[in-house]
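Computed from a prediction, not measured in an experiment: that's the story for all the values here.
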2 protein chains.
Amino acid sequence: MRRDSRLSRMLHVLIHMDRHYKRATSETISKMLGTNAVVVRRTMAGLRDFGYVRSEQGHGGGWELARGLDQITLLDIYEAIGKPPLFAIGPSVDQPECLVEQAVDAKLGDALKEAEALLLERFRTVTIADIAADFDRRMPEGQCNIHGNIHAEQSASS
Amino acid sequence: MRRDSRLSRMLHVLIHMDRHYKRATSETISKMLGTNAVVVRRTMAGLRDFGYVRSEQGHGGGWELARGLDQITLLDIYEAIGKPPLFAIGPSVDQPECLVEQAVDAKLGDALKEAEALLLERFRTVTIADIAADFDRRMPEGQCNIHGNIHAEQSASS
DNA sequence: AAGACACGTAACCTATCTTGTTACAGATCG
DNA sequence: CGATCTGTAACAAGATAGGTTACGTGTCTT
């Protein structure tokens, strides 16, 4: 494993749900993300618990958005997936006895806290709708040809 | 594995080398860090390649500082240990075909780049001597009683 | 009521990366 | 020559995201 990509993946799928699907199954979403339906359910469970999506069991079930993308920030999703660690570096022990080590970790921790505050502030002020708007500027037709095959499957089966 | 602690560890040991050792063996340093001599040599090799420390082989050998702590920044050490990844989150693939995914990763990447720039700027402007000064403010006597046993061993054997 | 469909979840494996450990070769000093 | 150290290679351990299989449960269609 390299880096935690759950935030990126969830943003990706939420935009597609808003644009192309009224309701999508875990299987459909998993093909879109290039992964497995169980992984999708596992990750989306957090979003459901926070009320950003709904899931329905049984025949004709699947996932759907529970609110508009302009009502969901990146911070919301980050929290919904369980606030995974942001940084890959840090101290070697949590509470070092050595005072030199404490001074090192304090200084390092200050810098990390500043960077984290900046990052979370960006997450807080950007909605998923903002990202969708960025996409529209790149591709004004509002089409994503990459997942077209999946769209076709979905249209054919419904 | 949890988080990369090499930066923290190297800062820690460099301050001790400046304060308590003219020359320290990997074994001595490893006890200080609570790790293994091979791990020490492995990590310090980068610092040696960048000219921040010197190593001498053979009897009476070991490690010593090659310049003053006010001449070494946190960024220097970060680079000397190989610029490990700073963030634990990121996109799922490097070059996604889907334009929605590209828009997501671009927005996320902007926030991460901002945070990274801030973090590296802090690293660039803080010297290890600054951290040592912080330590002096915490413990004016200039003593670190935690590694006292190691200091004693070192004094006894030299 | 039966069966297909889809989520919910546990259990286990895989990949990746830092760290830990063992083993050994080479250099240096007494 | 022998003790002491660094320099490395090789491999195991630990942690975590992600992938996979299996099975239970709810729900709609026929």
Participant: With sequence neighbours left out, what residues match B:Arg42 under side chain to side chain donor-acceptor pair (under 3.5 Å)?
Facilitator: none
Participant: Under 4.0 angstrom, heavy atoms only, what part of the nucleic acid is B:Arg9 near: base, sugar-phosphate, or nothing?
Facilitator: sugar-phosphate
Participant: By nearest heavy atom, map A:Asn36 and A:Pro84 onto DNA chain D; which one lands nearer the 5' end?
Facilitator: A:Pro84
Participant: Between D:dG18 atom C1' and A:Met10 atom CE, what is the distance in whole Å?
Facilitator: 12 Å
Participant: Distance check needed: C:dC17 P versus B:Lys83 NZ, whole Å only.
Facilitator: 18 Å
Participant: C:dT19 P sits how many Å from B:Ile29 CD1, rounded?
Facilitator: 16 Å
Participant: Roughly, in whole Å, what's the span from CZ in B:Arg3 to C1' in C:dT16?
Facilitator: 18 Å
Participant: Can I get a per-line list of side-chain donor-acceptor pairs under 3.5 Å for residues 63-75 of chain A, giving both atom names and the distance, sequence neighbours left out?
Facilitator:
residue	atom	partner	partner atom	Å
A:Trp63	NE1	A:Ser26	OG	2.9
A:Glu64	OE1	A:Arg23	NH2	3.4
A:Glu64	OE2	A:Arg54	NE	3.3
A:Arg67	NH1	A:Gln71	O	3.3
A:Thr73	OG1	A:Leu75	N	3.4
A:Thr73	OG1	A:Asp76	N	3.1
A:Thr73	OG1	A:Asp76	OD2	3.2

Participant: Can you tell me how far P of C:dT21 sits from NZ of B:Lys31, to the nearest Å?
Facilitator: 14 Å
Participant: Can any side-chain N or O of A:Gln102 pair as donor or acceptor with the backbone N or O of A:Pro96 at less than 3.5 Å?
Facilitator: yes
Participant: Run the side chain to side chain donor-acceptor pair (under 3.5 Å) test against A:Asp110 and tell me which residues pass, sequence neighbours left out.
Facilitator: none
Participant: Taking only residues two or more places apart in sequence, or in another chain, which ones meet A:Arg124 in a salt bridge (charged side-chain N to carboxylate O under 4.0 Å, His left out)?
Facilitator: A:Glu121
Participant: Walk along nucleotides 1-9 of chain D from 5' to 3' and tag each nucleotide B, S or - by protein heavy-atom contact under 4.0 Å, base first, then sugar-phosphate.
Facilitator: --BBBBBBB
Participant: Go through the structure and list residues passing side chain to side chain donor-acceptor pair (under 3.5 Å) with B:Thr127, not counting sequence neighbours.
Facilitator: B:Asp130
Participant: Just the rounded figure in Å: distance from C1' of C:dG20 to CZ of B:Arg6.
Facilitator: 14 Å
Participant: Can you see if the side chain of B:Ser5 gets near the phosphate of C:dT18 - specifically, an N or O under 4.0 Å from OP1 or OP2?
Facilitator: no
Participant: Without decimals, in angstroms, what is the distance between A:Arg23 CZ and C:dC7 C1'?
Facilitator: 12 Å
